[in-house]
Number of protein chains: 2
Amino acid sequence: MAQNKEPQASADAILDKLDAFLRTKQLKLTSQRRQIVEKMLEMPRHFTADDLVDSFVGQRPRVSKATVYRTLSLLSEGEILEQHDFGEGHRLFELALGRSHHDHLCCTKCGKIIEFFSEEMENLQDKIAHKLGFHPTSHSQKIYGTCRECWREAKRD
Amino acid sequence: MAQNKEPQASADAILDKLDAFLRTKQLKLTSQRRQIVEKMLEMPRHFTADDLVDSFVGQRPRVSKATVYRTLSLLSEGEILEQHDFGEGHRLFELALGRSHHDHLCCTKCGKIIEFFSEEMENLQDKIAHKLGFHPTSHSQKIYGTCRECWREAKRD
DNA sequence: CTGAATGCAAAGTATTTGCAGGTCT
DNA sequence: AGACCTGCAAATACTTTGCATTCAG
């Protein structure tokens, strides 16, 4: 088990993968799609579609909200992004390309998200799924609670 | 590990728990709140707020959408219901009172949801959380994939 | 009696879609 | 040329809120 500190994929690596994916569907790698990929790299680990839309305000050429949403869908479908729902009423996106799979701890006090990976957990999940006749393709695991810092703060009161 | 086949709580048990919870907040057990509890018992294991709203159409006295939403919040807060998000764009509610904790397998072909519980998994989750300085209060785990039936069907083609 | 609850309609929030014109190959 | 894309605004889906009235304790 380890926290994940790997660097993210480069713009080039992402554009290559996106281009390859788009080709398989006879779609095009446009200027807007490139710009969105660039912006993605400047986003925090988890970001919303709206965060990305906002990053284009007052910029020329700008990219519209509709295009951002449409592109985020494509990026997810092409397995470049991953989508999460931490129960806040909106989706969060996370760059998946070049990073290995992991799960999340979510602090309900400060909103911090801690990533973790456990081989043991992965094996156990597979074992359980198979025992129930299920063929797993992916999973989402979130542990909610209080992080170290918020816990300390709570005890202080 | 076992699939969960326990019966659900009775209306009386739920109303008792709800009443106790409401008292602690100086809130009232109204006729509408009672009706919502009754309807909940007729719902499938997982239901949306809208399913519940619909169950009141053409009924007298009816309960409004706003009240349904407000009551579902209270029921969740009072740990009578649990909320889930299976990534379909709306919340699903599930009766938690009288049922023990479990996680879910979600078939992405047919939408079927299979429940499971694993002591081993629970322990592992706690172990990981603590190792990262985290104090867990709850978790949500979903394994997506193909269920036995859909898998067979896929192979047939 | 009095604070809490309700219904209604309106307002939000997040996301998707129709369409007319623009763009890439 | 033709298929795909884009921006815009309108539409959708789900949920929350403001307010005048009604109700539970």
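Chain letters run A, B, ... following the sequence lines, proteins first and then strands; every chain starts at 1. Computed from a predicted model, the values in this text were never measured in an experiment.
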Interatomic distance, B:D54 CG vs D:dC14 P [rounded to whole Å]: 10 Å
Whole-Å distance separating the CG atom of A:L22 from the P atom of D:dA3: 19 Å
B:T67 vs C:dG7: side-chain N/O to OP1/OP2 distance below 4.0 Å: yes
Geometric class of the B:H135/A:W151 ring pair [parallel <30°, tilted 30-60°, perpendicular >60°]: parallel
Closest contact, heavy atoms only, A:V68 versus A:A49: CG1-O, 3.9 Å
Length of the line joining A:D19:CG and C:dT25:C1', which is rounded to integer Å: 13 Å
Side chain to side chain contact (heavy atoms under 4.5 Å, CB included) partner of B:R34, chosen from B:D19, B:L29, B:I14: B:L29
Whole-Å distance separating the CG atom of B:D51 from the C1' atom of D:dT15: 15 Å
Lys/Arg N to Asp/Glu carboxylate O, B:K109 vs B:E153, below 4.0 Å: no
Whole-Å distance separating the CZ atom of B:R62 from the C1' atom of C:dC8: 11 Å
Terminal axis angle for the helix from C:dC1-D:dG25 to C:dT25-D:dA1, five pairs an end, nearest 10 degrees: 30°
Joint cluster assignment, A:Y69 & A:L75, ILVMFWY side-chain distance < 4.5 Å: no
Heavy-atom side-chain proximity of B:D103 to B:E122 below 4.5 angstrom: yes
d(CZ, A:R23; P, D:dA3) in whole Å: 19 Å
Footprint string (nucleotides 10-21 of chain C, 5' to 3'): B base within contact, S backbone only, - free, heavy atoms under 4.0 Å: ----SBBBB---
Reported CD-to-CZ distance for the pair B:E82 and B:R91, which is rounded to 0.5 angstrom: 13.5 Å
Members of residues 28-36 of chain A that approach DNA chain D, where some heavy atom sits under 4.0 Å away: A:K28, A:T30, A:Q32, A:R33
Spacing between B:K25 atom NZ and C:dG3 atom P, to the nearest angstrom: 18 Å
Euclidean distance, atom CG of residue B:L72 to atom C1' of D:dT16 [Å, nearest integer]: 13 Å
